Visitor: 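Mind looking over this structure? Questions follow.
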Amino acid sequence: MCRLFFCYSYTDVLKTICKIYYVVKEKGKCIQREILHSMAAILKRVIHQIAHVSILNALDSCSTMAELTQHHSLLIRLGLSTNNHAMSRIINFSTKNRNFNYALRVFSTLPNPDTFLYNILIKAFLHSQTPLYSILLYSHMLERSLTPNTFTFPSVTRACNVQQLKQLHAHIVKFGFAEDVFSLNNLIHMYFGFCFLDDARKVFDKMPVRNDVSWTSVISGYSQWGFVDEAFRVFEFIPCKKNSVSWNAMIACFVQSKRFKEAFDLFRRMRVEEVELDKFVAATMISACTGLGALGQGKWMHRYVERSGIELDSKLATTIVDMYCKCGCLEEAFRVFRGLKEKGVSSWNCMIGGLAMHGKGEQAIRLFREMEEAMVVPDSITFVNVLTACAHSGMVKEGWYYFCYMSDVHGIMPAKEHYGCMVDLLARAGRLQEAKKVMDEMPMCPDVGVLGALLGACKIHGNVELGEEVGKRVIELDPGNSGRYVMLANIYASCGKWEEVASVRKLMDDRGVRKEAGFSMIEMEGTVNEFVAGGRAHPLAKAIYAKVDEMLESIRIVGYVPVTDGVLHDLAEEERENPLFYHSEKLAIAYGLLKTKQGETVRITKNLRVCKDCHQASKLISKVYDRDIIIRDRNRFHHFSKGECSCKDYW
DNA sequence: CTAGGGTTAG
């Protein structure tokens, strides 16, 4: 006690003295004993109170559980062991240190815990291993006839499953919180999480008062289930000035559904309305650039982040590294990556994955080694990337090595994806039977990813029998995906089985599956130019087509022969004449050559895989025009330079 | 003690 007394601030001490002085002055004429009595009483109370406050303050500056228990024992000695206010701090601290047992033990000794205490615990258990405790605590407090308050429901809703949520909804109404924004916003969020879109919407529509959070919850709720247009309708309805969270939710919604143009349009609007561009919006926009392969825009965003002093946390950093990787700029990705103070697993994963996509298998593995030396624990994604790196570079031996290594050394059991990588690796390398063996013997049922990898390899290596078998399986597993039909049709086409080609086509038509339209994109001076095969919508269409003809003429001289076995791949219904020559990537290359100077690299992004003919043509164009051309395809990158491609015709 | 937004693979 004495020691504590010296910790008091001067104000506290002064206050005490003033009080004593007041008593003496007022009652000084009374009996001395009485004065002494009241003085003692006040002093006792004040000291007690101050001791109390100072311990509680000390509690806030606690850093370890050991320190906390010391304070706890002090509180017990002060007779505060059943004081809700004091114990709430102990409980709060213990849960923050994830010592739920301690918290519960303290809690169970309290004779009259209040709603406040229950609220703290309910919230704490939400993020524990046993969120069910939140629900149990809630019913416990009701059994004790405690009334929930506004702080109770937001937490409890978070712990609910569907049935509980419905019940809790009733409770919210029953206890008179049917108009409480906090409770209702959480309710909306949870309903959306369970895909109860109508219930969520009903709650929202009936709310007498809505705030930013309500609107944003609805937007991201629709967004997470792919109802982009509905989300946008709600977004446009927001009555007040929208804050950056709402903007970001809507922009992210467009990005996630690959509607990049709308994302950029919205971003521009946001800038016009002078809404703050924070790190979340920056991350969303950078990933929009990633999706598009728009390096220029991505660079601009990156510079903006640097200039404006937006905090570069690990998520944002990863996003940036990923953007540079997927926009074909590995050097810059590396520069950013090397510059990171803290490299999390995801940053490493991104960089390894980037190298893999660019066909730099050995570098990817070297980086993985470096990651281990840096004592960063790899996760299952790391190995997906390492194995992909092996697959794209034809490193069969290394692939097997790391496949065993992941479970032997790191205890990560191979999942479907890893088996998929191995099938891909072996199949690409032409070892189709071995690949099939791996697939047949894997402990889980092979999914479309695994089968698709094998199918792709059958196409590369012209194995019709296996291709047919696998192709049919894939189509049945993934009947809505046009790419699968096209792949099988192309396998048939490559060996002249035209009747089968026609029957696959018919199957597609009968099922109403429409081929995904192929397009290529090239970014120039900050604008995104999109080309579809045979399309003439571009203002410079005439010049572009002339350039394509010139390109084809000049590569013919060095021996270009059109490769026609993949014609189904990118054939739009409407153009019939020489469709091959005006594939979208050829148009994009022509435009790139027209608009850039000698020595500059032409960068193109494609939504599907590059076809064989365009691949061949690109190689020759890179030679004849002495230009580096980088094409990002659905799966990987192709660096065309001096007549060669970085994929070594292995894609 | 309350709620809504951003990263890596397949």
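Here the structure is a predicted model, which means the values were calculated and not measured. Just so we're on the same page: letters track the sequence lines, and every chain starts at 1.
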Visitor: Would a 4.5 Å heavy-atom cut-off, applied to side chains only, mark A:F125 and A:I135 as touching?
Guide: no

Visitor: Looking at B:dT8, I'd like to know if its phosphate oxygens (OP1 or OP2) sit under 4.0 Å from a side-chain N or O belonging to A:K343.
Guide: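 No, outside the criterion.
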
Visitor: What is the minimum heavy-atom distance between A:E516 and A:N607, and which atoms define it?
Guide: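 Result for this residue pair: OE2-ND2, 3.9 Å.
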
Visitor: What do you reckon, is CD of A:E342 surrounded by more than 12 foreign heavy atoms closer than 6.0 Å?
Guide: no

Visitor: Specify the separation, in whole Å, of atom OH of A:Y324 and atom C1' of B:dT7.
Guide: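 Interatomic distance, OH of A:Y324 to C1' of B:dT7: 16 Å.
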
Visitor: Can you tell me if CZ on A:R144 sees more than 12 non-hydrogen neighbours from other groups inside 6.0 Å?
Guide: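 Result for CZ/A:R144: enclosed.
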
Visitor: For A:Y405, does the six-membered ring have the charged nitrogen or CZ of A:R369 within the cation-pi criterion, i.e. under 6.0 angstrom from the centroid and within 45° of the normal?
Guide: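 The answer is yes; both the distance and angle limits are met.
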
Visitor: Kindly state which residues belonging to residues 238-249 of chain A come within less than 4.0 angstrom of DNA chain B, counting heavy atoms of the residue only, listed by number.
Guide: A:N243, A:S244, A:V245, A:S246, A:N248

Visitor: Will you find, in the side chains of A:S287 and A:T319, an N or O donor that is under 3.5 Å from an N or O acceptor?
Guide: no

Visitor: At under 4.0 Å between heavy atoms, what does A:F116 touch on the DNA or RNA strands: base, sugar-phosphate, or nothing?
Guide: base

Visitor: Among the nucleotides B:dT8, B:dG4, B:dG6, which one has an atom lying closest to any side-chain atom of A:R158?
Guide: B:dG4

Visitor: Less than 4.5 Å apart, any side-chain heavy atom of A:L367 and any of A:E370?
Guide: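 Yes, side chains in contact.
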
Visitor: If you count heavy atoms of other groups shown closer than 6.0 angstrom to CD of A:E273, is the number above 12?
Guide: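 Yes - once you tally the heavy atoms of other residues, nucleotides and ligands closer than 6.0 Å, there are more than 12.
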
Visitor: So which nucleotide from B:dT8, B:dG5, B:dT2 ends up closest to the side chain of A:F182?
Guide: B:dT2

Visitor: Looking at B:dG5, does its base get a donor-acceptor pair with the side chain of A:D278 below 3.5 Å?
Guide: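 Present.
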
Visitor: Whole angstroms only, please: what is the CD-P distance between A:E342 and B:dT8?
Guide: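 Checked: the CD to P distance equals 20 Å.
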
Visitor: May I have the distance from A:M190 (atom CE) to B:dG4 (atom C1'), rounded to whole angstrom?
Guide: 14 Å

Visitor: Students often get this wrong, so: under 4.0 angstrom with heavy atoms, is A:K96 touching a base, only sugar-phosphate, or nothing?
Guide: nothing

Visitor: Stacking between A:F151 and B:dC1, defined as ring centres under 5.5 angstrom apart with planes under 30°, is that present or not?
Guide: yes

Visitor: Got a sec? Which of residues 414-421 of chain A come in under 4.0 Å of DNA chain B, heavy atoms?
Guide: A:E417

Visitor: Taking DNA chain B as the partner, which of residues 316-323 of chain A come within under 4.0 angstrom of it by heavy atom?
Guide: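 Within this stretch, A:L316, A:T318, A:T319, A:D322 sit under 4.0 Å of the strand.
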
Visitor: Can you check ring-ring contact (aromatic ring centres under 6.0 Å, His included) on A:H171 and A:Y138, steps first, answer last?
Guide: CA-CA 11 Å; A:H171 283 211; A:Y138 171 71; 5.7 Å; yes

Visitor: Classify A:D313 by what it touches in the nucleic acid, base, sugar-phosphate, or nothing, heavy-atom distance under 4.0 Å.
Guide: base

Visitor: For a ring-ring contact (aromatic ring centres under 6.0 Å, His included) check, start with the C-alpha distance between A:F334 and A:Y324, then their side-chain angles and the critical distance, and finish with the verdict.
Guide: CA-CA 9 Å; A:F334 248 117; A:Y324 280 119; over 10 Å; no

Visitor: Between A:F383 and A:Y402, is a ring-ring contact (aromatic ring centres under 6.0 Å, His included) present by the stated rule, with each step listed?
Guide: CA-CA 8 Å; A:F383 285 101; A:Y402 285 105; 7.2 Å; no

Visitor: Which one of A:F235, A:W247, A:F232 satisfies the ring-ring contact (aromatic ring centres under 6.0 Å, His included) criterion with A:F254?
Guide: A:F232

Visitor: Quick one: side chains of residues 190-200 of chain A, donor-acceptor pairs under 3.5 Å with protein atoms, not counting sequence neighbours, listed by atom name and distance.
Guide:
residue, atom, partner, partner atom, Å
A:Y191, OH, A:H169, ND1, 2.9
A:D199, OD2, A:K166, NZ, 3.0

Visitor: Donor-acceptor pair under 3.5 Å: do we get one between A:N185's side chain and the base of B:dA3?
Guide: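 Result: at least one qualifying N/O pair found.
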
Visitor: How many whole angstroms separate atom CG of A:N149 from atom P of B:dA3?
Guide: 14 Å

Visitor: Quick one about A:T150 and A:D180 (side-chain donor to acceptor, distance below 3.5 Å, no hydrogens or angles considered), yes or no?
Guide: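 No, A:T150 and A:D180 have no side-chain donor paired with an acceptor closer than 3.5 Å.
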
Visitor: Does a donor on one side chain and an acceptor on the other come within less than 3.5 Å for A:D379 and A:N349?
Guide: yes

Visitor: Heavy atom of residues 196-214 of chain A under 4.0 Å from DNA chain B: which residues?
Guide: A:N211, A:D212, A:V213

Visitor: To the nearest angstrom, how far is A:M442 atom CE from B:dG10 atom P?
Guide: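 Interatomic distance, CE of A:M442 to P of B:dG10: 15 Å.
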
Visitor: Are A:D229 and A:R233 close enough, and set up right, to give a salt bridge (charged side-chain N to carboxylate O under 4.0 Å, His left out), and what steps lead you there?
Guide: CA-CA 6 Å; A:D229 298 311; A:R233 216 165 299 144; 5.7 Å; no

Visitor: Which parts of residues 254-269 of chain A get close to DNA chain B, meaning a heavy atom less than 4.0 angstrom away?
Guide: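 Here the set is A:Q256.
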
Visitor: Nearest to the side chain of A:T388, heavy atoms from C-beta on, is which of B:dG6, B:dG10, B:dG4?
Guide: B:dG10

Visitor: Out of B:dA9, B:dT8, B:dA3, which nucleotide sits closest to the side chain of A:N385?
Guide: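 Looking only at side-chain atoms, A:N385 lies closest to B:dA9.
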
Visitor: Take the protein atom CG of A:L277 and the nucleotide atom P of B:dG5, then report the distance between them rounded to whole Å.
Guide: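 For the pair A:L277 CG and B:dG5 P, the rounded distance is 18 Å.
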
Visitor: Could you give the CG-to-P distance, from A:L340 to B:dT8, as a whole number of Å?
Guide: 15 Å

Visitor: If we count only N and O atoms by modelled type, under 3.5 Å, do the side chains of A:N211 and A:S214 hold a donor and an acceptor together?
Guide: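 Side chains of A:N211 and A:S214: pair found under 3.5 Å.
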
Visitor: When the distance from CD of A:Q224 to C1' of B:dG4 is rounded to whole Å, what number comes out?
Guide: 12 Å

Visitor: In terms of side-chain heavy atoms of A:P154, which of B:dG6, B:dT2, B:dA9 is nearest?
Guide: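 Looking only at heavy atoms from C-beta outward on A:P154, the closest nucleotide is B:dT2.
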
Visitor: Does A:S217 make a side-chain donor-acceptor contact with the base of B:dG4, cut-off 3.5 Å?
Guide: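 Between B:dG4 and A:S217, which were checked side chain against base, a qualifying N/O pair under 3.5 Å is absent.
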
Visitor: Check the surroundings of atom OH in A:Y133: do more than 12 heavy atoms from other residues, nucleotides or ligands lie under 6.0 Å from it?
Guide: no

